[in-house]
Undergrad: 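The structure that follows is given in the form of structure tokens.
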Amino acid sequence: MRISFFGTGYVGLVTAACFAELGNNVLACDIDESKIARLKQGEIPIYEPGLQEIVKRNFKEGRLKFTTDAAEAAKFGEVIFVAVGTPSNGDGSPDMKYIYSAVDAIGENLTGDKKIIILKSTVPVGTSAKVRQRIADQLAARGEKADFEVVSNPEFLKEGDAIADFTHPDRIVVGAEKDWAKDKIAELYQPITKPGHPIFFMDNASAEMAKYAANTFLAARISLMNQLAHIAEELGADIEEVRKTLAADQRIGRHFLYSGVGYGGSCFPKDVQALAATARRAGIDAALVEAIEKTNMNQRQRFAKKIIANLDGAKGRKIAVWGLAFKPKTDDMRQAPAKEIIEALLAAGASVSAYDPMAAAEAKKIFGDKISYAPDMYAALEGADALVVITEWAQFREPDFNKMAELLKAKIVFDGRNIYEPARMKELGFRYFGVGRKT
Ligand code: NAD
């Protein structure tokens, strides 16, 4: 199949490359000229495990091409994915300007051929209907006719596991009206659905809602665990003991039950706020949805306060930080908890020496030279008054504790992801602070 993509970010590039890997001919378009220039040189602008090989192979073999020419991309595909960003406006609603600029470019170039425009970006409920009308108006203004369909196909990939999520998705969600378009989408995803991964066809609004529902649900679990952790901490219970009992309950399940410094990234914060904003606009009292993000942001501040309080103030302290990215296996710093935590430490007069295996370059765009960037995890510890773990990269889980003890000026660890055991840390002579744990 001939497939076009608008947007070559985390979602667009991964999906475009994976569809090319399945044998399709893919043309991916982005307005970011430097990104496209790098991609044409075989350079991958983001870190995502396994992506580089797939992009390189398919580019070399001619199945994956890149362009900045929107008209060329609009004309190329029988199926056109829109995977541009939908960042948050100040009021929580998503900024739709990238969506509509891509949609307008597609509409301007529609001819008589049947086309499917797939909205893969996370967009508010009702967007597909608006896009359908917008393109119909464009055609009417030109006095032309074209058979097209707007399909909602939200993306559920997780950064860090994006390739596996494409090939082995829990589900594929498709909102569409026209049968010929549903058949074509079924054909497009057939290599993935054939081994048994389910595809759900539904109306566009339900498909759009499915994405917000999933992210809100997952974010709610994290915020609820964090609130339980706060209560546990105050009352002398240990949230890790409590978590095990919850995980064993089949009605609850074991995923997304970890307390820590909260969630971040380009999706949960933005999507939860967007759903809350949609509900507000519809006059719905969605108090539970509103509380999720508030709890999440409080969690970051509480953790920073805990550090400062237990160091008897941060003025003049050197604090080592392990992990900056919003989660392991990505270089993505969007809405990373590290931002607020580090800013609070700096505001309290501390200096910060940070290490992240992948996100240092992205972090520099945020912190500049306000913090220092260590070349490896142990170098960050030299002469520090404490270690703060913010992102649970695998290599931080079993460090050389003796080396840590030697390098740190004070053997104090603030573990924002509960990756260490308090009893073991005590045995090793560390003062240890987790989240919701007995210390
Ligand atoms: P991103 O910011 O990494 O990439 C978006 C890309 O779109 C950028 O490269 C930008 O230059 C490009 N772009 C903007 N306007 C364009 C236009 N008119 N034509 C062509 N390119 C254009 O964003 P992302 O993280 O890939 O997210 C994309 C969408 O997918 C968002 O709606 C997001 O909520 C959703 N989503 C993201 C993830 C994730 O893990 N990142 C997961 C599921 C869904």
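Both ligands and their constituent atoms are indexed starting at 1 by order of listing. By convention here, the first residue in the shown sequence is residue 1.
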Undergrad: Check ligand 1 against Ser266 and write out every atom of the ligand that is under 4.0 Å from a heavy-atom position of the residue.
TA: 25 (O), 39 (C), 41 (N)

Undergrad: Which atoms of ligand 1 are found less than 4.0 Å from any heavy atom of Ser101?
TA: 18 (N)

Undergrad: Answer yes or no for Ala70: is there a heavy-atom contact with ligand 1 below 4.0 Å?
TA: no

Undergrad: With a cut-off of 4.0 Å, which atoms of ligand 1 are near a heavy atom of Gly85?
TA: 5 (C), 7 (O)

Undergrad: Can you tell me if Tyr189 and Asn153 form a side-chain donor-acceptor pair at under 3.5 Å?
TA: yes

Undergrad: With no hydrogens and no angle check, do the side chains of Tyr432 and Asp415 hold a donor and an acceptor under 3.5 Å apart?
TA: yes

Undergrad: Are any of the N/O atoms in Lys120 less than 3.5 Å from those in ligand 1?
TA: no

Undergrad: Provide the number and element of each atom of ligand 1 under 4.0 Å from a heavy atom of Ala83.
TA: 28 (C)

Undergrad: Going by atom types alone, do Ser266 and Gln335 pair a side-chain donor with an acceptor below 3.5 Å?
TA: no

Undergrad: Give the atom numbers and elements of ligand 1 that come within less than 4.0 Å of a heavy atom of Cys29.
TA: 20 (C), 21 (N)

Undergrad: If only side-chain N and O atoms count, and only distance matters, is there a donor-acceptor pair under 3.5 Å linking Asn204 with Arg132?
TA: yes

Undergrad: When you check the side-chain N and O atoms of Asn25 and Arg63, is any donor under 3.5 Å from an acceptor?
TA: no

Undergrad: Salt bridge check, Glu53 against Lys56: does any charged N sit closer than 4.0 Å to a carboxylate O?
TA: no

Undergrad: Give me the residue, atom name and distance of the protein heavy atom closest to atom 41 (N) of ligand 1.
TA: Glu159 OE2, 2.7 Å

Undergrad: Contact between ligand 1 and Lys211 is defined here as a heavy atom of the residue under 4.0 Å from a ligand atom; is it met?
TA: yes

Undergrad: Taking the minimum heavy-atom distance to atom 10 (C) of ligand 1, which of Val82, Asp30, Asp32 ranks first?
TA: Asp30

